[in-house]
Amino acid sequence: MELGLKGKVAIVAAASKGLGRACAEEFAREGAEVAICARSAANLAKAADSIRKATGREVFAQELDVTRHEAVRDFVAAVEKRFGRVDICVTNAGGPPSKKFVDISIDEWRAAVDLTLMSAVYFAREVLPRMKKNRWGRLLAITSVSVKQPIDNLVLSNSIRAGVTGLMRTLANEFGGDGITVNCICPGYTLTERLDELVGLQAKNAGVEREKILERLSAQVPAGRVGRPEEFAALVTFLASERASYINGCSIPVDGGWTKSLL
Ligand code: NAD
């Protein structure tokens, strides 16, 4: 299927590793101009290099913290300067810590809101006016299956990602008439460093090997296994494409069937 992504300019936030990195690589494979950011310059350079090698495409990379509004503003402006436009933006950030409600301080709540919700607000504020000017755009937020079904010990994710979903659903209404679609993609268990960290924590708490925890997670999934980042990236690139022009305001899981709800 021709996705029509050749020459489109795609920003992927928090893309030095994991899901973001996989999305950036998939966009580059489809011939898009790709811009990535993350906090660690070294990891970012490594990711940009390996995407260049794998796809032969140039990758614009800038070190930044997505919780800093000015940094996001300057990054989006730099991408526009470099490529002439911004067509696609995938919002993303590291996951908030996994803790029980009573163990979370007020400062940790504030930090999680900055990381998960405000970072998406910052990107949306910068990219939507540019997309509106061009009468074409795709805003995509990486959320979690926790918006469909809360996950134990992830109260920060369960709560704040619902806010991101509300934000994106509202933007889908506001910008739907401007040739822009806004959707959320909800990863289920997918083998990245984030999952590895959560598995390690659960293994420590339960006093068992990591493999045991991975087996338990896999047993919760009808597909019988956790996902691969490129399986997630396949949906993201499709939703960003011309072919997905009538899909707007959705939250779509990529979870091997883990979510138990009907819709
Ligand atoms: P990951 O930890 O493997 O990668 C996170 C990326 O975000 C890294 O590149 C990191 O450098 C970057 N990052 C973190 N904080 C940042 C900041 N403040 N500013 C800029 N960059 C920052 O995580 P992942 O598995 O790719 O997950 C991506 C998102 O999806 C996370 O929010 C995670 O909670 C969520 N999620 C993941 C899974 C899963 O199974 N992998 C499941 C559900 C939800």
Side-chain angles (χ1 to χ4, degrees), residues 12-23 36-44 47 63-69 71-72 90-123 141-168 184-218 220-221 226-227 229 232 251 253-255 258-259:
V12 187
S16 67
K17 297 181 195 162
L19 302 178
R21 192 202 165 292
C23 294
I36 60 175
C37 62
R39 273 173 317 181
S40 152
N43 288 339
L44 198 58
E63 176 190 350
L64 68 84
D65 186 330
V66 295
T67 64
R68 293 195 45 238
H69 172 233
V72 171
V90 180
T91 71
N92 184 31
S98 162
K99 285 188 171 186
K100 287 211 183 293
F101 179 68
V102 289
D103 298 327
I104 302 169
S105 69
I106 296 298
D107 282 348
E108 285 175 310
W109 272 98
R110 293 209 169 100
V113 168
D114 282 346
L115 181 68
T116 304
L117 176 60
M118 293 314 295
S119 65
V121 171
Y122 299 152
F123 274 100
I142 298 182
T143 59
S144 168
V145 285
S146 67
V147 305
K148 303 262 180 192
Q149 189 179 312
I151 302 174
D152 290 348
N153 298 324
L154 279 178
V155 66
L156 292 169
S157 174
N158 298 340
S159 312
I160 302 164
R161 291 192 200 279
V164 178
T165 308
L167 165 72
M168 294 298 165
C184 298
I185 312 96
C186 316
Y189 295 121
T190 315
L191 249 193
T192 64
E193 283 193 23
R194 161 77 171 170
L195 184 67
D196 207 42
E197 195 183 291
L198 293 175
V199 165
L201 200 71
Q202 283 186 35
K204 195 170 145 219
N205 289 343
V208 298
E209 296 293 315
R210 314 170 78 85
E211 287 62 36
K212 196 83 217 153
I213 301 293
L214 261 182
E215 267 171 35
R216 282 182 201 165
L217 292 182
S218 301
Q220 294 174 27
V221 186
V226 298
F232 179 83
S251 275
V254 181
D255 66 354
W258 179 87
T259 310

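In what follows, residues are counted from 1 in the order of the sequence shown.
For N153 against K100, the heavy-atom pair with the smallest separation is OD1-NZ, 2.7 Å. Taking both residues in full, the closest heavy atoms of Y189 and Q220 are given as CE1-OE1, 3.7 Å, listed atom of the first, atom of the second, then distance. Between L156 and A112, the shortest heavy-atom contact is CD2-CB, 4.0 Å. Nearest heavy-atom pair across P229 and T192 is CG-CG2, 3.9 Å. Between A38 and A15, the shortest heavy-atom distance links the atoms CB-N, 4.2 Å. Here the shortest heavy-atom pairing between C186 and T143 reads SG-OG1, 3.6 Å.
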Item to check | side chain to side chain contact (heavy atoms under 4.5 Å, CB included) evaluation trace for R216 with V208 | outcome: CA-CA 11 Å; R216 282 182 201 165; V208 298; 4.1 Å; yes
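Within 6.0 Å of atom CZ in R194, more than 12 heavy atoms from other residues, nucleotides or ligands are found, so the atom counts as buried in its surroundings. Surrounding CD of E193 are at most 12 heavy atoms belonging to other residues, nucleotides or ligands under 6.0 Å away.
In this structure, a donor-acceptor pair under 3.5 Å is present between the side chains of S157 and S146.
Within the 4.5 Å cutoff, the side chain of L217 has heavy atoms near those of the L195 side chain. The shortest side-chain heavy-atom distance between V155 and W109 falls under the 4.5 Å cut-off. Here the side chains of V147 and C184 are not in contact, with every heavy-atom distance at 4.5 Å or above. A 4.5 Å side-chain heavy-atom check between S251 and K148 finds at least one atom pair inside the cut-off. Between V66 and F123 there is a side-chain heavy-atom pair separated by less than 4.5 Å. The shortest side-chain heavy-atom distance between V226 and S218 falls under the 4.5 Å cut-off. Put simply, the side chain of V221 does not reach to within 4.5 Å of the side chain of D255, judged on heavy atoms. At least one side-chain heavy atom of T91 sits less than 4.5 Å from a side-chain heavy atom of M168.
Taken from CD1 in I151 to OG in S144, the straight-line distance is 4.5 Å, to the nearest 0.5 Å. Within the model, atoms CD of E197 and OG of S98 stand 9.0 Å from one another, a figure rounded to the nearest 0.5 Å. Rounding to the nearest 0.5 angstrom, the gap separating the CD1 atom in I185 from the CG atom in L19 is 10.0 Å. Taking CD from E108 and CG from L115, the interatomic distance works out to 12.5 Å, rounded to the nearest 0.5 Å. Considering CG of N158 and CG of D152, their distance stands at 8.5 Å, rounded to 0.5 Å. Going from atom SG of C23 over to atom CD1 of I36 covers 11.5 Å, rounded to the nearest 0.5 Å.
Not counting sequence neighbours, the partners of D196 by the salt bridge (Lys or Arg N to Asp or Glu O under 4.0 Å) test are R210. A search for ring-ring contact (aromatic ring centres under 6.0 Å, His included) contacts involving F232 returns nothing, not counting sequence neighbours. Considering only residues two or more places apart in sequence or on other chains, R161 meets the salt bridge (Lys or Arg N to Asp or Glu O under 4.0 Å) condition with none of them.
Under the 3.5 Å distance criterion, the side-chain polar atoms of D114 are left unmatched by any main-chain donor or acceptor of T67.
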